[in-house]
Undergrad: 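Before anything else, here's the structure in question.
Every heavy atom of this structure was used, including side-chain atoms; hydrogens, water molecules and symmetry mates were not. Within every chain, numbering begins at 1; the chains are lettered A, B, ... in the order of the sequence lines, protein sequences first and strands thereafter.
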Amino acid sequence: MTTSLESDLPTMTNVARVTLRHPMRWVTAVVCVILLSLVFRAFAYGQIEWSYVGQFLTAKAIMIGFSNTLLMTVLAMALGIALGLLAALMRLSSNPVANAVAAGYIWFFRGTPVYLQLLLWFNLALIFPVIGIPGLVEARTVDVMTPFLAALLGLGVCQGAYTAEVIRAGILSVDSGQIEAAKAVGMRAPQVLRHIVLPQTLRIITPPIGNEVIGMLKHTSLAAVISYHEIMHTASMIYFVNNRVIEMLIVCSIYYLFAVTLLSLGQALLENRLGRSLNKSSGKLKVEEGVGA
Amino acid sequence: MIPAILARDLRKSFGSVSVLRGVSLDVQPGEVFGIIGPSGSGKSTFLRCLNSLETIDSGDLYVNGEFVGYCFERGNLRELSDREQSAQRMRIGMVFQRFNLFAHMTALENVTSGPIIVKKLSRVDAGEQGRHLLDQVGLAGLYDRYPVQLSGGQQQRVAIARAMAMDPEILLFDEPTSALDPELVDEVLETIRQLAQQGRTMVVVTHELLFARDVCDRIAFMDQGQLIECAPAEDLFATPQKQRTRDFLQRFNVSEPS
């Protein structure tokens with residue numbers, strides 16, 4: 001009896017290999033090209049004065065508006081992350097008072113629209129004509145609550161409520177075994193948090209926080225309602241005068257897309273850097289040889 | 001002499017399940033003490049009570065002559081503060097079944113984390129001591145590897161070096177080889193064997209019965225939350241007194257000394 005190794009089944013050696021055909025890829029490509037050319041044609045024949053777009057893309061007012069948008073994104077997000085971290089830690093603490101305060105904060109600021117909150121902050125003078133510490137510092141609320149401050153508080157305080165939940169989820173997902181190991185080494189609770197939990201939380205929350213930053217960039221446009229001079233507000237001031245609504249909106253779109261592209265790239269770089277301890281084959285390790293095992 | 005560990009009638013339950021049902025034992029300073037028994041017998045829970053990773057429901061538990069997790073204050077028992085608790089844990093090292101290395105730190109950073117963060121040792125001194133400890137457990141040259149870049153056996157040896165870096169009076173091992181591939185078990189057991197010769201008090205919960213017999217001075221057999229029998233290692237294997245111990249040992253074919 002012959003073994004199956006000697007059987008006359010055909011061999012794979014020295015037979016030409018052909019790739020699998022993917023006809024659907026060609027079909028989808030053709031459909032996309034047709035649809036895109038239709039859209040392109042529509043815009044080309046549409047009533048858009050592209051010269052206005054080019055002209056206002058570099059207009060000083062628009063550039064100032066855009067820098068205000070960026071400034072507000074950075075500051076409101078910084079406030080949001082600071083408040084969010086604080087609220088997340090309070091939510092997770094064993095202190096029942098801190099816990100309840102944080103839960104109440106998250107409940108209120110997630111429960112009402114940002115738009116409404118912006119109006120509330122901006123109109124604070126209607127409730128409290130004067131603010132400050134009685135007898136020490138006092139000021140008229142209308143003077144203090146500028147569009148800038150109202151936008152910062154409205155966007156940042158609300159963002160904090162969302163970020164708190166993102167950070168809390170990140171903290172909870174850190175391996176509890178590592179926390180036990182840190183305690184066993186003799187670390188106190190704040191040391192465990194700072195040296196073991198938070199560094200690993202940072203890696204976990206980078207993608208959702210990146211998402212929130214991109215969201216914030218666009219939410220700043222809501223501050224136009226309380227006449228903070230961000231890019232959408234500036235654009236509307238211009239199209240009220242020259243009536244070039246679509247052209248101005250296209251200019252804004254270009255700026256937003258540009259900023260989001262940069263932010264996405266930055267997020268990818270940050271994730272790469274934070275994930276290096278999870279990289280199984282780090283380049284420089286190739287020289288060393290495993291001992292033992 | 002004050003025993004390193006003294007447990008009297010220790011009881012603990014998780015909800016309606018009692019895990020420890022009146023465990024009493026003592027471990028003398030310098031002794032290597034083994035705890036064996038089937039899964040779910042409460043041996044890991046007992047070990048975790050020793051450094052307050054679990055709290056006990058009733059009974060007395062002394063480690064290094066101090067009540068664990070509590071102190072006497074004006075005739076009452078008061079829970080230890082965070083600071084007092086960590087001071088107590090510093091004197092007890094622990095090695096876990098699943099290694100539990102800090103994933104964002106290199107092997108060396110894992111070992112030096114305790115000395116730097118808890119003992120406030122300088123980075124240079126801690127680094128020197130850490131490298132020395134890693135050399136001792138056979139990981140020279142792997143200082144800069146992250147846990148994911150190490151095999152299970154190597155990770156567990158880093159974890160042992162990390163526990164040793166705090167120079168604890170007592171070292172606890174919670175099934176240190178249970179999560180390892182069979183061919184990696186020996187390197188970890190060899191490391192523990194070397195430590196056992198240094199005269200440090202050690203409590204080893206393990207399924208490696210032959211290893212326990214060779215290394216431990218005394219061994220306790222636990223089953224269903226109770227301590228069935230505790231005897232010098234050779235005696236427990238040669239002449240087990242209780243039927244339950246005999247049944248357990250026979251299943252592993254190690255009741256007769258080789």
Side-chain angles (χ1 to χ4, degrees), chain A residues 89 92-96 98 167 170-207 270-293, chain B residues 48 51-53 81-83 85-106 109-110 113-119 135 137-154 157 159 162-163 165-166 168 172 183-184 187 190-191:
Chain A
L89 293 177
L92 292 168
S93 91
S94 54
N95 179 339
I167 295 178
I171 290 176
L172 287 175
S173 66
V174 173
D175 170 28
S176 62
Q178 290 181 39
I179 297 170
E180 287 191 340
K183 286 181 186 168
V185 161
M187 288 188 209
R188 290 186 286 113
Q191 293 170 329
V192 177
L193 186 70
R194 167 156 150 51
H195 296 282
I196 308 302
V197 177
L198 288 184
Q200 300 191 68
T201 303
L202 190 62
R203 183 181 55 75
I204 299 164
I205 66 173
T206 303
L270 188 62
E271 279 176 33
N272 215 335
R273 169 153 178 76
L274 291 172
R276 71 194 190 287
S277 65
L278 297 180
N279 191 353
K280 290 208 177 191
S281 55
S282 169
K284 66 172 180 176
L285 292 166
K286 281 177 190 153
V287 242
E288 299 165 2
E289 254 315 306
V291 180
Chain B
R48 291 164 58 79
N51 66 353
S52 335
L53 288 180
S81 70
D82 186 39
R83 190 176 290 274
Q85 182 86 85
S86 72
Q88 203 171 60
R89 283 188 178 129
M90 263 173 73
R91 302 170 61 189
I92 310 165
M94 183 146 182
V95 175
F96 298 83
Q97 182 178 351
R98 299 222 52 95
F99 333 133
N100 296 350
L101 291 185
F102 307 136
H104 60 305
M105 295 184 183
T106 62
E109 286 166 348
N110 264 280
S113 60
I116 291 173
I117 296 164
V118 180
K119 286 189 171 170
D135 294 349
V137 297
L139 297 175
L142 301 186
Y143 311 137
D144 294 331
R145 292 236 182 151
Y146 286 99
V148 283
Q149 297 161 340
L150 296 169
S151 73
Q154 291 171 333
R157 286 184 283 153
R162 175 176 67 182
M166 294 299 286
L172 310 177
E183 73 269 24
L184 302 179
E187 63 185 62
E190 191 46 46
T191 305

Undergrad: If I measure from the heavy atoms of chain A, does B:L101 come under 4.5 Å with its side chain, its backbone, both, or neither?
TA: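 Contact with chain A: backbone only.
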Undergrad: For chain B, find which of A:S176, A:A182, A:G177 contributes the most heavy-atom pairs closer than 4.5 angstrom.
TA: A:G177
Undergrad: Specify which of A:R188, A:K183, A:R203, A:Q200 makes the most heavy-atom pairs with chain B at under 4.5 Å.
TA: A:R188
Undergrad: Distance check, rounded to the nearest 0.5 Å: A:M187 atom CE versus B:S113 atom OG?
TA: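 The OG atom of B:S113 is 4.0 Å from CE of A:M187, to the nearest 0.5 Å.
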Undergrad: Of all heavy-atom pairs between A:G186 and B:S86, which one has the smallest distance, and what is that distance?
TA: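 The pair with the smallest heavy-atom distance is O-CB, 3.1 Å.
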Undergrad: Can any side-chain N or O of B:H104 pair as donor or acceptor with the backbone N or O of A:H195 at less than 3.5 Å?
TA: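 Yes, because the side chain of B:H104 sits within donor-acceptor range (under 3.5 Å) of the backbone of A:H195.
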Undergrad: Under the rule for side chain to side chain contact (heavy atoms under 4.5 Å, CB included), what residues qualify as partners of B:R98, not counting sequence neighbours?
TA: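 Result, side chain to side chain contact (heavy atoms under 4.5 Å, CB included) vs B:R98: B:N100, B:A179.
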Undergrad: Examine whether an atom of B:N51 lies under 4.5 Å from a heavy atom of chain A, and if so say whether it belongs to the side chain, the backbone or both; otherwise answer neither.
TA: side chain
Undergrad: Are side-chain heavy atoms of A:V185 and B:R89 found at a separation under 4.5 Å?
TA: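 No, too far: nothing below the 4.5 Å cut-off.
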Undergrad: Please classify the contact of B:A163 with chain A as side chain, backbone, both or neither, using a heavy-atom distance under 4.5 Å.
TA: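 No part of B:A163 comes within 4.5 Å of chain A.
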Undergrad: Between B:M166, B:M90, B:R83, B:Q85, who has the most heavy-atom pairs with chain A when the cutoff is under 4.5 Å?
TA: B:R83
Undergrad: Would a 4.5 Å heavy-atom cut-off, applied to side chains only, mark A:P199 and B:M105 as touching?
TA: no
Undergrad: Quick check for you: to the nearest 0.5 Å, what is the distance between B:I117 atom CD1 and A:Q191 atom CD?
TA: 7.0 Å
Undergrad: Which residues pass the side chain to side chain contact (heavy atoms under 4.5 Å, CB included) test with A:E180, sequence neighbours left out?
TA: B:R48, B:L53, B:F96
Undergrad: Which heavy atom of B:A103 sits nearest a heavy atom of A:Q178, and at what distance?
TA: N-OE1, 3.3 Å
